[in-house]
Amino acid sequence: MRARFAVIPAAGLGTRFYPWTKAVPKELLPIVDVPALQLVMDEAIAAGATHIVLVSHVSKTPLETYVAPSQAVIDKVRASGRGELADRLALIGNDVKVTVVYQDAPLGLGHAVGCARNVVGNEPFMLLLPDEVMGDASMLTALADSCERTGTGAVGLMRVPMEEVSAYGVVTAAPGAPADGPYDIVGVVEKPAQKDAPSNLIIIGRYVLTADVFDEINKIVPQANGELYLTDALLAQSNVSPLTGILNTTARWDTGTPMGWLKAVVDNALLRADVATDFRAWLTQRLGN
Ligand code: UTP
């Protein structure tokens, strides 16, 4: 079965982006003028999602406002000559269903994913962390293809310098895989010290998982910081059914920090046909001074 649900956890506090996130969810940070959340929903739809499950917190009402259909906004965007963007906006809440579920407190990514269970039921589902923006839908599509083909979960991976592994979930791949994967994942550890890290292969914020991961989430215990780690559930799942790791080959921006977001905005402005020429000229002049 192909995943048709896309779970997007967006109930976190966004502390690395204070004070912006005191009032506005980081998932709505603009990449030029399109919120990261819209880009992530576009990606999920391109990979085949027809039902988005947005995990929010009651305090983050701008997220609900954003996913609520607004014909007036769509008409204005279309009238401004941006028909392709208007088409993308028109899908949300119409052809593509959106269900908002609530996480009462930020008890970790594992807990946030568990909040989607009642909507997703027994089906495989895409999982997209909305503070990571991708260059296109190729990573998610490859994960959905893998899950559809094998009936087991798949996670997106990338290699980072060893000095950076302690910020991420790091996997152990079974020996014998081709250098560029796919890999059979036999271990996962969250934020290991560099000396303890099993590899430099980190999990990025794209997954297509099978529904049995919800059972594993129910079984895991909170870490010392009180959070349920998704990686703990994935480790348990990898012990009972194969989990495939696929290397990302497209662009990826981590917009969860100010520096990562700045890079995403600059790169995407340079990629946008309607913005690039003027922006590049200004930037070149600015950096020349
Ligand atoms: P992050 O850890 O990057 O987000 O989680 P955060 O906790 O909001 O940010 P910091 O670390 O305090 O700056 C990745 C995604 O998972 C969601 C977040 O909203 C973010 O989009 N999340 C995280 C939840 O929905 N619930 C949680 O308990 C934790």
Side-chain angles (χ1 to χ4, degrees), residues 5-31 35-44 52-67 98-120 125-134 139-140 155-156 158 160 164 166-170 188 190-191 202-207 209 213-214 217-218 220-234 252-264:
F5 289 99
V7 175
I8 303 181
L13 297 173
T15 55
R16 289 169 297 163
F17 235 111
Y18 279 157
W20 167 269
T21 45
K22 181 169 181 279
V24 188
K26 73 172 173 182
E27 296 80 9
L28 294 181
L29 279 163
I31 309 302
L37 176 64
Q38 177 69 46
L39 298 175
V40 169
M41 292 193 294
D42 292 341
E43 180 192 341
I52 289 165
V53 187
L54 184 64
V55 184
S56 186
H57 183 265
V58 283
S59 65
K60 297 177 86 169
T61 48
L63 291 174
E64 283 167 60
T65 307
Y66 190 80
V67 296
V98 181
T99 303
V100 181
V101 299
Y102 296 97
Q103 185 188 30
D104 293 337
L107 297 176
L109 185 58
H111 184 265
V113 173
C115 294
R117 181 174 202 165
N118 284 346
V119 181
V120 171
F125 64 96
M126 305 175 195
L127 171 63
L128 300 89
L129 304 195
D131 54 358
E132 293 180 35
V133 168
M134 308 297 286
M139 174 82 265
L140 192 60
V155 302
M158 67 180 253
V160 295
E164 294 176 18
S166 57
Y168 300 99
V170 183
V188 190
E190 184 70 23
K191 299 186 176 64
I202 64 146
I203 299 184
I204 60 171
R206 296 296 182 269
Y207 314 69
L209 300 175
V213 76
F214 291 126
I217 289 170
N218 282 347
I220 58 177
V221 292
Q223 292 286 339
N225 63 5
E227 292 190 4
L228 290 182
Y229 282 4
L230 180 65
T231 43
D232 288 343
L234 294 178
R252 169 187 172 271
W253 296 274
D254 178 354
T255 61
T257 64
M259 184 57 77
W261 170 74
L262 276 172
K263 291 175 184 172

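Residue numbers start at 1 and run along the sequence shown. All ligand and atom numbering here is 1-based and tracks the order in the structure.
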*Asks:* Give a yes or no on whether the backbone of A10 and the side-chain of K60 come within a donor-acceptor separation of less than 3.5 Å.
*Replies:*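 Yes, K60 side chain to A10 backbone: donor-acceptor pair under 3.5 Å.
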*Asks:* Are any side-chain N or O atoms of H57 and backbone N or O atoms of D104, one a donor and one an acceptor, separated by less than 3.5 Å?
*Replies:*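 Yes, H57 side chain to D104 backbone: donor-acceptor pair under 3.5 Å.
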*Asks:* Counting heavy atoms not belonging to K191, are there more than 12 under 6.0 Å from its NZ?
*Replies:*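 Above 12, so yes.
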*Asks:* List, ordered by chain and residue number, the protein residues whose closest non-hydrogen atom lies under 4.0 Å from any atom of ligand 1.
*Replies:*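 P9, A10, A11, G12, L13, G14, T15, R16, K26, E27, Q103, P106, L107, G108, L109, A112, P130, D131.
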*Asks:* Should we say atom CG of N118 is surrounded by more than 12 heavy atoms from elsewhere, each under 6.0 Å from it?
*Replies:* no
*Asks:* Taking only residues two or more places apart in sequence, or in another chain, which ones meet T61 in a side-chain hydrogen bond (donor to acceptor under 3.5 Å, both in side chains)?
*Replies:* none
*Asks:* Between the main-chain N or O of E132 and the side-chain N or O of R206, is there a donor-acceptor pair closer than 3.5 Å?
*Replies:* yes
